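Within every chain, numbering begins at 1; the chains are lettered A, B, ... in the order of the sequence lines, protein sequences first and strands thereafter. Computed from heavy atoms alone, side chains included, the values below leave out hydrogens, waters and symmetry copies. Because the structure is predicted, anything quoted here is derived from the model rather than measured.
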Amino acid sequence: MNPQRYTSPPDRAAYNARVWDIVRQIPPGKVATYGQIASMVITAQAAGTGDPIPAAYHAWGARWVGGAMAACPADVPWQRVINSQGKISLRKGKGSTEQRCLLEAEGVEFDAHDRVDLRIYAWLPSPQDLSSKRIHLLSD
DNA sequence: TCCTTGACTCAGA
DNA sequence: CTCTGAGCCAAGG
């Protein structure tokens, strides 16, 4: 019924690396959504290449971020990435307990519907934050 | 080689 | 608020 169709970024490895770089900037106690991360990658891509962004980046970016998280290195705070509804999305069937515990340990609270209030906990980096830290959004 | 299986989001009904 | 459809690929068994 819901054939989760996928597509992939032109360069999966490079895309994943950029996603991880961004996720590493999320401070403890804050969260970001897949879509938010995807937008940052798009911004970086546009700035780095000057080329227009293919529509697929907008349509599939969030899922590519999910794919990147599925293979992230140990130093990436994967638990701080949640879905746009403020809920934890985990791989099919697996519990979200671990991710929730990690977030609660950082001070993130969940409501009765297992949701995080993004108005409070969303990571809202300013352009300055991104450029002053070490996100090499511009490829090289 | 064929078949299954995905850490998503948004608009519209 | 809930539910559906669209987006249309690649790694692993």
Side-chain angles (χ1 to χ4, degrees):
Chain A
M1 314 295 99
N2 179 11
Q4 307 211 0
R5 299 182 173 115
Y6 258 73
T7 186
S8 297
D11 185 335
R12 187 177 166 71
Y15 190 93
N16 286 359
R18 207 162 308 177
V19 167
W20 298 331
D21 255 355
I22 292 172
V23 174
R24 277 191 275 256
Q25 311 309 310
I26 305 173
K30 289 291 180 182
V31 298
T33 68
Y34 296 96
Q36 198 184 338
I37 302 297
S39 294
M40 292 178 197
V41 174
I42 286 174
T43 300
Q45 186 70 18
T49 67
D51 293 329
I53 301 301
Y57 271 75
H58 297 286
W60 297 90
R63 295 182 79 171
W64 295 343
V65 170
M69 298 320 292
C72 75
D75 66 324
V76 174
W78 56 274
Q79 75 274 20
R80 297 181 194 139
V81 183
I82 61 180
N83 66 35
S84 66
Q85 303 171 76
K87 296 200 284 196
I88 289 174
S89 304
L90 262 226
R91 287 177 293 199
K92 185 178 177 184
K94 299 209 169 179
S96 54
T97 312
E98 183 184 357
Q99 183 167 10
R100 178 170 173 154
C101 285
L102 286 169
L103 289 176
E104 291 183 324
E106 298 180 349
V108 175
E109 293 175 31
F110 287 75
D111 68 14
H113 300 288
D114 297 314
R115 272 186 323 203
V116 169
D117 189 337
L118 293 175
R119 291 169 304 178
I120 298 174
Y121 299 104
W123 175 47
L124 301 174
S126 65
Q128 286 72 23
D129 288 333
L130 293 178
S131 58
S132 65
K133 296 197 173 181
R134 81 189 163 79
I135 294 185
H136 270 312
L137 296 181
L138 314 181
S139 55
D140 308 304

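- Atom pair A:I42:CD1 and B:dT9:C1' shows a separation of 12 Å (rounding to whole Å applied).
- The side chain to side chain donor-acceptor pair (under 3.5 Å) check on A:E106 picks up A:Q79, A:R80, with sequence neighbours excluded.
- Counting non-hydrogen atoms under 4.0 angstrom, A:A62 reaches the backbone sugars and phosphates but no base.
- The nearest whole Å value for the distance from the CZ atom in A:R115 to the C1' atom in C:dC1 is 10 Å.
- In this structure, CD of A:Q36 is placed 11 Å from P of B:dC10, rounded to the nearest angstrom.
- Of the listed nucleotides (C:dC8, B:dT9, B:dC8), C:dC8 has the atom at the smallest distance from the side chain of A:A56.
- Straight-line distance from the CG atom of A:N16 to the C1' atom of C:dA11: 13 Å, rounded to whole Å.
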Report task. Evaluate the criterion salt bridge (Lys or Arg N to Asp or Glu O under 4.0 Å) for residue pair A:D21 and A:R24; output intermediate values, then yes/no. Result -> CA-CA 5 Å; A:D21 255 355; A:R24 277 191 275 256; 3.5 Å; yes
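- Applying the salt bridge (charged side-chain N to carboxylate O under 4.0 Å, His left out) test to every pair with at least one member in residues 35-48 of chain A, sequence neighbours left out, gives no pairs at all.
- Counting only heavy atoms from C-beta on, A:S84 has its side chain closest to B:dT9 among C:dC1, B:dT9, B:dC8.
- Between A:T33 and B:dC8 there is no side-chain polar atom (N or O) within less than 4.0 angstrom of OP1 or OP2.
- To the nearest angstrom, C1' of C:dT2 lies 13 Å from NE2 of A:H113.
- Between the C1' atom of C:dC1 and the CG atom of A:D111 lies a distance of 14 Å, rounded to the nearest Å.
- Partner of A:P125 under the side-chain contact (heavy atoms from CB on, under 4.5 Å) criterion, out of A:K30, A:Q36, A:Q25: A:Q36 alone.
- For the P atoms, the distance linking C:dG7 with B:dT4 amounts to 23 Å, nearest Å.
- Rounded to whole Å, the distance from CZ on A:R63 to C1' on B:dT9 is 9 Å.
- Separation of the P atoms belonging to B:dT5 and C:dC8 is 22 Å when rounded to the nearest angstrom.
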Report task. Begin from the C-alpha positions of A:V19 and A:W64 and carry the test side chain to side chain contact (heavy atoms under 4.5 Å, CB included) through to its verdict. Result -> CA-CA 9 Å; A:V19 167; A:W64 295 343; over 6 Å; no
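- When rounded to the nearest whole Å, the span between CZ of A:R12 and P of C:dA11 equals 7 Å.
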